[in-house]
Amino acid sequence: MQKYSIFTLARNAANYHKGWGLAWRSPEPKSEYDIVIIGAGGHGLATAYYLAKRHNLTNVAVVEKGWLGGGNTGRNTTIIRSNYLQDESAAIYELSRSLYEGLAQELNYNVMFSPRGLFMLCMTEHELRGFKRHAHANRLSGIESRMVSAEEVKRKIPILNVSPTARYPLLGALYQPRGGTARHDAVAWGYARGADNLGVDILQNCAVTGITRRGGKVTGIDTVKGHIKAKKVAIVTAGSTTLLGDMAGLKLPIESVTLQACVSEPIKPVLDVVIMAGTVHGYMSQSDKGELVIGGGADEYNNYSQRGSFPAIEHTITSLAELFPIIRRLKMLRQWAGIVDMTGDRSPIIGKTDVDGLYLNCGWGTGGFKSIPGSGLVFADTIANDRPHPIAEPFGLNRFAEGRLIDESIAAGVAH
Amino acid sequence: MPDLDRNLALSHRHQEMENQALGIEMSERDDVGMIDLRGKADDKAFMKNAATVLGVELPTDPRTSIKKGGIDILWLSIDQWLITTPLKSHDKTLSALTKKLTKNHALVCDMSDARSIIRLSGDRVREVLIKGCSFDATQPDFKPGTVRRLLFAEVAALAHFVDSNPDVIDLYVFRSYANYVWEWLLQTAHEDAGVGLFQVQDAPVV
Amino acid sequence: MSGKPYRIPSSRSQGAFGRLIDRDAALSFTFDDKTYTGFKGDTLASALLANGVRLFGRSFKYHRPRGVIAAGPEEPNALVSVGSGATHEPNNRITDVELYDGLVATSQNRWPSLAFDVSAINNTFSRLIPSGFYYKTFMWPAKLWPHYEHIIRHAAGLGTAPQEEDEAVYEQVHVNCDVLIAGGGIAGLAAALAAAEVGARVIIADLSPRFGGAADCIDGKIDSAAPLAWAKKAVKKLAAMDNVYILPRTTVTGHYDHNWVLMCERLSDHISEADRLANRPRHRLWKVRAKKVIVATGAFERPLTFANNDRPGVMLASAARSYATRYGVTPGERAVIFTNNDDAYLTALTLQDAGVSVPKIIDVREDTKSALISRAEDAGIEIIHSSVISNVETSFGGTSIEGVQIATRTATGRLAQPFARIECDLVCMSGGWNPAVHLFAHVNGSVRFDDTLQTFRPDQTSEAIVAIGAANGHFDLSTTIDESFDKGYAAGKSATGKSRPKKAVPPKARQDERSPLEALWFAPAKGSLNEGNKHFIDFQNDVTAADIELAAREGYRSVEHLKRYTTLGMATDQGKTSNISALGILADTLNTTIPAAGATRFRPPFTPFSLGSIAGTQAKHLFQPVRRTPIATWHHDNNCDMEPVGLWRRPFCYRHGTEDRQAAITREILATREKAGIIDLSSLGKIEVKGPDAGVFLDRIYSNVFSTLKPGRCRYGLMMNEDGFLFDDGVTVRLAEDHFLMHTTSGNADRIVGWLEEWHQTEWPDLKLFITPVTENYTQFAVAGPHSRDILQKLESTIDFSREAFTPLDYKSGELCGVPVRIYRISFSGELSYEISVPANYGLAMWQALMVAGKEFGLTAYGTEPLHVMRAEKGFIAIGDETDGTVTPLDLDLGWAVSKKKVDYIGKRSLQRSFLKGDERKEMVGLLTDDPKEVLPDGCYAVEQLLDKPPMKMIGHVSSSYYSPTLNRSIAFGLIKNGRARMGDTLQFPLEDKVVSAKVVSPVFYDSEGERQNA
Amino acid sequence: MLLIKCPICDCEGDETDFHYGGEGHIQRPTSSNPDKVGDEAQRDYLYVRKNPRGLHSERWLCERGCGKWFHALRDTATMVISKTYLITDKPPAELKKAGKK
Ligand SMILES: Cc1cc2nc3c(=O)[nH]c(=O)nc-3n(C[C@H](O)[C@H](O)[C@H](O)COP(=O)(O)OP(=O)(O)OC[C@H]3O[C@@H](n4cnc5c(N)ncnc54)[C@H](O)[C@@H]3O)c2cc1C
Ligand SMILES: NC(=O)c1ccc[n+]([C@@H]2O[C@H](COP(=O)([O-])OP(=O)(O)OC[C@H]3O[C@@H](n4cnc5c(N)ncnc54)[C@H](O)[C@@H]3O)[C@@H](O)[C@H]2O)c1
Ligand SMILES: Cc1cc2nc3c(=O)[nH]c(=O)nc-3n(C[C@H](O)[C@H](O)[C@H](O)COP(=O)(O)O)c2cc1C
Ligand SMILES: [Zn+2]
């Protein structure tokens, strides 16, 4: 792998950057792999990377119907945090967040993880109580997270409207100092480059059309480029999970809906932290390029169109314009949507399925960008050893029959 | 008659209207009682009994209303009507209905205090309405007699087209929202905020 | 600067130039604090150009000096801030800003000044910062990244956000129409005439202040009229029709599912600030549902790709033409035209006519013939065929052009050998035209590559939308006219059912034929310098041809990867001028074709529009409704702290004099416990359920039984969702045999009406009953405390309040003070208590009457917080505190209200699932801290075992916690794993700075026998 | 922004005038057989959804019209609503056909 650094950059500059090679190959599919991962989003790519890196499993393909990173990984609002309430969630998200801290170095690809601090605003007494509970739980699980006063929030976010006559007076915030954002595309590209370099084949433009089984065991996949044999197959396709599940006869507690986002035109820095406001359903950060990155709600109806309806984004902007009155004269530059996979309890599913050799990682819904490294790590371990990694174990499919739901909706409202 | 004062949702706002530069006229109606009537349109006995008391058949065409004497009967659903009565005869109508319908599968509820009725009148009422709801009130088929439920300014509401030339439209909102809707109307109905839709216009620059 | 040399005299060519400006109406404005003069009708661009200003901004990354290249919404470079203070707005294209007197414009992204920008040094180091450089560096040492990032953040961004709050109002309107036409050029006007003629309701919107589009810049005739004259007539005709609505300054920003269209109308941005009306909306967002949408948005000219093509003075050929024609401005004195098509010849002719010297046209094509080309030749303009501009020579600092180098056209990649140099101060380029397909493509509309035009044009769609004219790839006037009338009639017909009237004769147009264009994606510069030279593709984001090659070399080959790696097309212009050129270069690099490479996805909005208009009227005091109870004015007058609960404002507590909240709460509790208190409970949900099956229905809704309740009696009930989790509670009253009244929590009131209707309609439609919410019809108060009976007995009433006649859980109706009331003897405070339900319009007067009557008994108004403390003292749960969506009634020890007998009710089956009936449940218990003064913080956790530091295993949390003035100590509820088995145990709650220990006890802290409420 | 028409009262309007109620025709097992519902059947009822890419039967509430629930057949990829029908109606034939594909 060509090393990336300021020195190689300078060396290549001399030659007008003609010396750079491919970040990843575009190989033809082999007829057989030990493991096939369906879906080259962040989760699929990270899984492949850790299979190769930590388990020495390199006869692996990641099969992608379009361009790698083109799913939700390439279209999310990039919020990273781990201040979740339930122990199971806190464990996996904090594992993930801590991996983000060293990810650029691990991958030798600057994913621009920016732990610039994240505020979840409390605007009702009820919300305040809920977040206090979060803070206590987080502290006892060893996650750096605490309540801060309205004054402290205002100091960090001067553009916030804290007028006592505001519709919802600010009562404080749950603050995670090392929550933040990362450059979403770079996470996919960094893992892709890392995995490719370790020998993983990334097969783009190769939609999976079938999952073949014999006697309750998986045998391979059909793709638009032909059949590929595999000993193990993992479905990591987010919004398309049901369609892949149907190919393997899985019954899944999943619905696909569109989640929306938009950006403003770029402006000079006005917001140096990430804010989330559950009461009014809005969240916002400012990217390094200067756009305000605004996350909206999901449309309620099942939707595979990757474009959303206007009311959801309107609702969010209306709220944010109230919290940050100065944005009224800024302009919306682009809006888009992704197809998110919502489970019955809004928590992910990671683990084995009833089909031997078939694994599932999905249900990250509106909040799985932050979990890419952690999920990849525990999922790779689960596949390699054919048993759930302890952190993944509570997220098995069986929880829905048992009623052992992992419900995070308690105070946050939004789950990003 | 009760010994206590009656306070409408907007009683505290009646004063301020003089200084407003609005493109329409608006006021709160304070002379009506309301009855929520439930029963099935295909229940002949119910329909007949209701008609006997009210002196007119309940309207069954969606989004229509019927006027009889001082009473307006507004279609709300296939099994629901809103009856507005002159306040002074309200109790009489209410008890007559209740009594007549005891044997029917029906529900008669006095809802005189649940809603506030804001009467909007003038040529630009429709323009104001389209600022608040996704229903296009400028369409020709929105005419006197029409009743339409709305999400108006994010508030559940009902518009009853009372009269035209000039347009008179009663906007019904639940009592607790009335003050907000009133404020909302003060802003959007301002005389400087006119739209002038689908009229002969001055030709723009070419 | 007088600006004289650049404003074409009105006398020239019989006044052919400057048709939009009023030379008698001079306007004064400032740009970067310098005052200039322009005319009414100018855009900020034309006015500044007329004043000789060429430098408008600095590019995003390299901070290169930039001029203006376009004359319309596609402008990538010339962005400025307009306004100041509360009206400051960043990132306005000067091409779209209409001039008004007193306009204040400021350049952006430069420091300390536009002419001298320190960051321009980036240009010198540009070789170190190609596309994606940041992915390759700033990684070591890791902890320095925040510093690098800080620098990057401050270097990026364009304008600054306003510092002051916007005072303008915004609004929205919703309308339906038969035919919506986006774009008011010849095509749009023609379609509007046709559709209106068959009686359709037509809306036609154009983003500019005027209609006619390119009509004043094209040749040809419509019938016998010049295109502009025809357009004028057409607009007059449309304006006189009452089925047509014409909207200037209105951008169609997006097309959404089912032909729902969003448009942003700007009503006051063009008016001088002093003349703006405070109540006239600044922007109005139109939400239009159209039966048919016609996209007549025209086309954008493509720049050509040559070294230093971004220098101020390089401009699109059509832009130069329109500045001259419309505003009487010549952007230079000596112009060279560089083109691969005929259209730019019109520019050459126009400029020459305007007095600009046009020495040469550099045409990429071999010797081509057409009427237009002959006209240029006849006018004495030299045409150099098969050639390109290979580089641009500039003054020091690159802020103006001195000349261009001309080379023979070579195959891509080969170096150029310039054979000539031409002096000039203006370069007009034309690389062909890209139809503005954006709106067509927003919903499912596909585009296909057209080999003749070398660009994408509309193809298939599932929506009722069509494109016409230039937006559909038609650049010939007669085709445009024919098509626009045809499609206009067809749209009108599909919407109204009416056909084109027999006597209608659409006009015929004719225009000289053009010779075809020839694609040119890259013109190399000279020698090895070529690689260092910058061939700009995306001007605003500083993406060069070399960046595209680099991305392709590194494997970012999908157009979407290319876009994201280089940021191509992601700037405020969204690649209107750049996307196709980039594809051309990508295709050349990868040795493939443009259609194989594909286009990136089109997304709304067409051009950026204000976030304020999206909020519309819902801003400031109108942001969200505030629901007021009938007692609101009294609360206000009595210094009540109101608390938002959903949309309601509820009294939290009332502060007397200098009291703080805690003192007020304590006072209100003690008064209620010792004397009497009154609380406004109006927001509680009230739902009537009536019919022969009402009892059966409620049995299925609630976990306990209601069919056995006697008329005139009340019962507390629990509602689970189908998952078995508790989600609401409240008292239900049996008003009569077949008639119930349910109470719900305030927050759930509306939801539960919907919940009941849904179950009734979808699962049990055979049950005979009606559900009617009556929440708003009644004000409800609780009068509680030992004196409550005395107070009620003092008032005139038909109801017997005596202890014997009105027993706990009784319901009675009658009159109080002459008003019909419903009264329930129920208690959430634990005191003797009556809940009184009064018709809302009498609520305030009733409250006041009670206050008067209660005065001698010490009646005190109390808020929701004192109520919460009192209910906790009594061991009552509160929805939202003890429940969080994961708690079952059994967890809360409410098993007595979970029927075992009833066959089926909502949630019953789910309660039997292994995890819900498992032995690891968190159970509700009371908690008493060892130190009675210590109040456990809300939401803190108990741990299995106390360790030095986290992580520690948590066994449960505090769900409610208060200081109880009644007991003069702290009390709390906890949801603790196996809590009921831990009675008497002491638990440890590690807080940030200390550990609090508390004993597990019964959750009923006060009057466990209920003597007080039964008094 | 979907345009929806209620089959009961003919009210036509934006999706915001209606309320989405999820997949249609889901049988509540305990309604017919309260005593014999296995954990899996209950799970399927509560959580498992068809979630097809294509024809989808779903419930909508006519919130600003008659207040009644009804069914719609909508394509989840194109958004085309091909049919609306009563809440008590059986699944239409085209839905079964689409399911088989
Ligand atoms: C608007 C929006 C905002 C969000 N904001 C946040 C946020 O702030 N923070 C956060 O943590 N999360 C956020 N999320 C969620 C987050 O983006 C996702 O949870 C995460 O990206 C999921 O990653 P993935 O790898 O599982 O899926 P994806 O990135 O979607 O990858 C799945 C891949 O599978 C491929 N695929 C599908 N079908 C097939 C097939 N048949 N054959 C082959 N390949 C196939 C797809 O093409 C796709 O590339 C947001 C999501 C959206 C849409
Ligand atoms: N040479 C030129 O300058 C030029 C450019 C385009 C078209 N033409 C010719 O002019 C004739 C008529 O062309 P046409 O009417 O198709 O195009 P046009 O360019 O004349 O008109 C398009 C109009 O649409 C408006 N518009 C664009 N996007 C919009 C949006 N999103 N919302 C609202 N308005 C929007 C523009 O302001 C413009 O007025 C054709 O014969 C064509 O060949 C010439
Ligand atoms: C964090 C983030 C920042 C973005 N910033 C921009 C931007 O500055 N300009 C832009 O045009 N799009 C921006 N986008 C949106 C993308 O252009 C694109 O719309 C999104 O990734 C979805 O892809 P699609 O529109 O191709 O479906 C951004 C997206 C994300 C996730
Ligand atoms: Zn209906």
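Naming convention: chains lettered A, B, ... in sequence-line order (proteins, then strands); numbering from 1 in each chain.
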- prompt: What closest approach, in Å, do B:Ile24 and B:Val125 show between heavy atoms, and which atom pair accounts for it?
  reply: CG2-N, 3.7 Å
message: side-chain contact (heavy atoms from CB on, under 4.5 Å) for B:Asp170 and B:Arg29? Distances and angles first, verdict last.
response: CA-CA 9 Å; B:Asp170 281 348; B:Arg29 289 189 68 190; 2.8 Å; yes
query: If we only count heavy atoms from C-beta on, is the B:Leu10 to B:Arg13 side-chain gap below 4.5 Å?
result: yes
field: Under 4.5 Å from any heavy atom of chain C - which part of B:Asn7
entry: both
When B:Asp110, B:Val155, B:Asp202 are compared by non-hydrogen pairs under 4.5 Å with chain C, the top option: B:Asp110
field: Side chain, backbone, both or neither of C:Trp286 within contact of chain B (heavy atoms, under 4.5 Å)
entry: side chain
task: Under 4.5 Å, counting heavy-atom pairs only, tell me which of B:Leu129, B:Asn179, B:Val181 racks up the most with chain C.
output: B:Asn179
message: Please find the pair of heavy atoms, one from C:Ile271 and one from C:Arg276, that lie closest to each other, and give the distance.
response: O-NE, 2.8 Å
- prompt: Taking C:Thr250 for the side chain and C:Pro248 for the main chain, is one N or O donor matched with an acceptor at less than 3.5 Å?
  reply: yes
message: Parallel, tilted or perpendicular: which one describes the rings of B:Phe46 and B:Trp81, with boundaries at 30° and 60°?
response: tilted
Parallel, tilted or perpendicular: ring planes of B:His105 versus C:Phe770, cut at 30 and 60 degrees: parallel
task: Heavy-atom distances under 4.5 Å only: say whether C:Arg19 touches chain B with side chain, backbone, both or neither.
output: side chain
task: Using a cut-off of under 4.5 Å on heavy-atom pairs, state which of B:Ser11, B:Ala178, B:Gly196 scores highest against chain C.
output: B:Gly196
query: Is C:Lys40 paired with C:Glu98 through a side-chain N to carboxylate O contact shorter than 4.0 Å?
result: no
message: As an exercise: rank C:Asn777, C:Leu285, C:Val173, C:Leu844 by heavy-atom pairs under 4.5 Å with chain B and give me the winner.
response: C:Asn777
Residue, of C:Leu816, C:Ile203, C:Ile246, C:Leu20, that accumulates the most heavy atom pairs under 4.5 Å with chain B: C:Ile246
- prompt: Heavy-atom distance under 4.5 Å to chain B: side chain of C:Leu647, backbone, both or neither?
  reply: side chain
field: Ring centers of C:His621, B:Tyr180 separated by less than 6.0 Å
entry: no
Engaged part of C:Asn243 at the chain B interface, taking heavy atoms whose separation is under 4.5 Å: backbone
message: Heavy-atom cut-off 4.5 Å, strictly under: side chain, backbone, both or neither for B:Gln199 against chain C?
response: backbone
Aromatic ring pairing B:Phe142/B:Phe161, orientation class (parallel under 30°, perpendicular over 60°, tilted between): perpendicular
- prompt: chain B heavy atoms under 4.5 Å from C:Ile771: which part of the residue, side chain, backbone, both or neither?
  reply: backbone
message: I'd like to verify something: which residue of C:Gln172, C:Arg201, C:Glu265 has the highest number of heavy-atom pairs under 4.5 Å with chain B?
response: C:Arg201
- request: With a 4.5 Å cut-off on heavy-atom pairs, point out which of C:Lys237, C:Gln618, C:Lys236, C:Gln848 contacts chain B the most.
  value: C:Gln618
message: Counting heavy-atom pairs closer than 4.5 Å to chain B, which one of C:Asp750, C:Val626, C:Asp738 comes out on top?
response: C:Val626
- prompt: For C:Val244, is it the side chain, the backbone, both, or neither that has a heavy atom closer than 4.5 Å to a heavy atom of chain B?
  reply: backbone
- prompt: When only pairs under 4.5 Å are counted, which of B:Arg38, B:His190, B:His12 shares the most heavy-atom pairs with chain C?
  reply: B:Arg38
- prompt: With only heavy atoms counted, which part of C:Lys287 is less than 4.5 Å from chain B, the side chain, the backbone, both or neither?
  reply: neither
query: What pair of heavy atoms forms the shortest contact from C:Ala840 to C:Thr779, and how long is it?
result: CA-OG1, 3.3 Å
message: Measuring from atom CG of C:Asn176 to atom CG of B:Asp136, what distance do you get when rounded to the nearest 0.5 angstrom?
response: 4.5 Å
Options C:Arg289, C:Arg284, C:Met241, ranked by heavy-atom pairs under 4.5 Å with chain B, top entry: C:Arg284
- prompt: Any donor-acceptor pair under 3.5 Å linking the side chain of B:Glu127 with the backbone of B:Val195?
  reply: yes
- request: Check whether C:Ala231 gets within reach of chain B through its side chain, its backbone, both or neither, counting any heavy atom under 4.5 Å.
  value: both
- prompt: With respect to C:Val774, which candidate in C:Val753, C:Ile687, C:Leu741 satisfies the side-chain contact (heavy atoms from CB on, under 4.5 Å) definition?
  reply: C:Leu741
message: Tell me which of these, B:Ala153, B:Ser112, B:Ser134, has more heavy-atom pairs under 4.5 Å with chain C than the rest.
response: B:Ser134
statement: Applying a strict 4.5 Å limit to non-hydrogen atoms, the region of C:Pro209 in contact with chain B is backbone
field: Region of B:Ala137 in contact with chain C, defined by heavy-atom distances below 4.5 Å
entry: neither
